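Here's the structure we're looking at; comments come further down.
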Protein chains: 2
Amino acid sequence: MDSSLDSIFSALSDPTRRAILQRLAHGKATVAELADPFELSQPAISKHLKVLEQAGLIRSGREATSRPRELQPDALKKISDWIGDYRRFWDQSFDRLDGYLSKVQGYEDDKSED
Amino acid sequence: MDSSLDSIFSALSDPTRRAILQRLAHGKATVAELADPFELSQPAISKHLKVLEQAGLIRSGREATSRPRELQPDALKKISDWIGDYRRFWDQSFDRLDGYLSKVQGYEDDKSED
DNA sequence: CGGCTATATAGCTGAATGGTGATATATGGA
DNA sequence: TCCATATATCACCATTCAGCTATATAGCCG
């Protein structure tokens with residue numbers, strides 16, 4: 001498991017993987033259920049799930065012979081927090097520049113990831 | 001210019017590019033200024049900037065012989081909105097599941113990107 | 001136990017990515 | 001006009017990635 005900003009953003013850059021997350025927003029699902037909407041092979045889906053899991057976006061359980069997946073919100077929260085630092089650039093309620101520069105010190109800030 | 005969720009997330013998956021964005025959060029900067037903190041070649045930085053620009057995360061101007069870059073918040077807002085759909089999974093104030101399923105209809109939702 | 005079902009892993013391939021040094025282009029100033 | 005400076009582009013290489021088919025593993029059920 002990595003769960004760095006690198007791997008989270010990378011995992012989210014694929015539309016198949018985002019679609020899988022959207023499906024999981026409805027609740028737990030088996031690999032077969034997750035694969036169903038796509039014209040991809042089963043191993044391709046398993047690979048996507050592995051990427052999502054290693055990024056910390058989902059986790060897998062065990063139920064008889066199936067291994068249902070479910071959302072794990074921590075990773076999404078993490079990038080949400082990252083984006084939060086930039087919210088002032090588009091959000092009116094964050095539009096006061098004053099006092100902002102004291103919070104963001106430089107490009108080194110980004111290194112504070114796990 | 002692409003500016004799809006694919007290209008935005010993909011652009012953000014590189015730590016050098018996120019560091020560049022962080023630097024640009026302080027304000028406009030030239031390519032030389034952006035390249036300075038890194039041990040990468042100038043062409044490498046230009047390539048990163050191209051990726052960021054094609055994702056719609058930054059834009060370039062012209063000032064004498066330099067081409068200063070600046071943040072373009074639209075793309076960040078776009079993924080912030082995307083993440084917003086999942087906020088209920090970690091945010092207490094969004095913890096009421098009721099009425100949520102009427103908003104998220106399925107994986108096809110994700111196709112509503114430009 | 002033996003086989004069926006669900007899923008994972010292995011090994012391969014082609015395309016994309018990130019880096020390099022060399023070179024091209026554009027603009028302001030002497 | 002010609003040069004210096006700033007930046008972009010070219011051609012190349014190594015690595016990563018997304019897909020495939022074939023095969024292996026794990027757990028339930030007869």
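Every chain is numbered from 1 and lettered A, B, ... according to where its sequence line falls, protein lines coming before strand lines. All values reported here derive from a predicted model rather than from experimental measurement.
- Here the side chain of B:Ser46 is nearest to one of D:dA18, D:dT7, C:dT9, namely D:dT7.
- Summary of the strand contacts: A:Ser10 and A:Thr65 both lie near DNA chain D, and taking for each the nucleotide with the nearest heavy atom, the more 5' one is attributed to A:Ser10.
- Rounded to whole Å, the distance from CG on B:Asp2 to P on C:dT17 is 11 Å.
- When the nucleotides C:dT7, C:dG18, C:dA10 are ranked by their closest atom to the side chain of A:Pro43, C:dA10 comes out on top.
- Contact annotation: B:Arg69 reaches the phosphate of D:dA8 (side-chain N/O to OP1 or OP2, under 4.0 Å).
- If you check every strand for non-hydrogen atoms under 4.0 Å, A:Leu40 touches sugar and phosphate atoms only.
- Of the candidates D:dA18, C:dT7, C:dG19, the closest approach to any side-chain atom of A:Arg67 belongs to C:dT7.
- Atom CG in A:Leu49 sits roughly 15 Å away from atom C1' in D:dG19 (whole-Å rounding).
- Within 4.0 Å of A:Lys47, counting heavy atoms only, lies at least one base atom of the nucleic acid.
- Straight-line distance from the CZ atom of A:Arg59 to the C1' atom of C:dT7: 18 Å, rounded to whole Å.
- For the pair A:Asp6 CG and D:dT16 P, the interatomic distance rounds to 13 Å; values are reported in whole Å.
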Residues A:Asp2, A:Ser4; criterion side-chain hydrogen bond (donor to acceptor under 3.5 Å, both in side chains); working and verdict = CA-CA 6 Å; A:Asp2 186 343; A:Ser4 64; 3.1 Å; yes

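- Close to C:dG18, at under 4.0 Å from its OP1 or OP2, lies a side-chain N or O of B:Arg17.
- Taking 4.0 angstrom as the limit, B:His48 places a side-chain polar atom (N or O) nearer than this to OP1 or OP2 of C:dG19.
- Between B:Leu52 atom CG and C:dT17 atom C1' the separation is 14 Å, expressed in whole Å.
- Protein atom CZ of A:Arg62 is 14 Å distant from nucleotide atom P of D:dT25, rounded to whole Å.
- Centroid-to-centroid, the aromatic rings of A:Tyr86 and A:Trp82 come within less than 6.0 Å.
- As rounded to whole Å, 14 Å separates atom C1' of D:dT5 from atom CD of B:Glu33.
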A:Lys77 and A:Asp81: CA distance, side-chain angles, deciding distance, salt bridge (Lys or Arg N to Asp or Glu O under 4.0 Å) verdict = CA-CA 6 Å; A:Lys77 171 164 173 38; A:Asp81 290 348; 3.2 Å; yes

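- Judged by atom type and distance alone, B:Gln42 does not reach the base of D:dA6 through any side-chain donor-acceptor pair under 3.5 Å.
- Taking atom CD on A:Glu63 and atom C1' on D:dG27, their separation rounds to 13 Å, with Å as the unit.
- Applying the side chain to side chain donor-acceptor pair (under 3.5 Å) test between B:Ser60 and each of B:Glu53, B:Lys28, B:Arg67, B:Glu70 identifies B:Glu53 as the sole match.
- The nearest heavy atom of DNA chain D to A:Ser41 and to A:Ala64 marks one nucleotide each, and the one closer to the 5' end goes with A:Ser41.
- The backbone N or O of B:Leu34 lies less than 3.5 Å from no partner atom in the side chain of B:Arg23, so there is not a single donor-acceptor pair.
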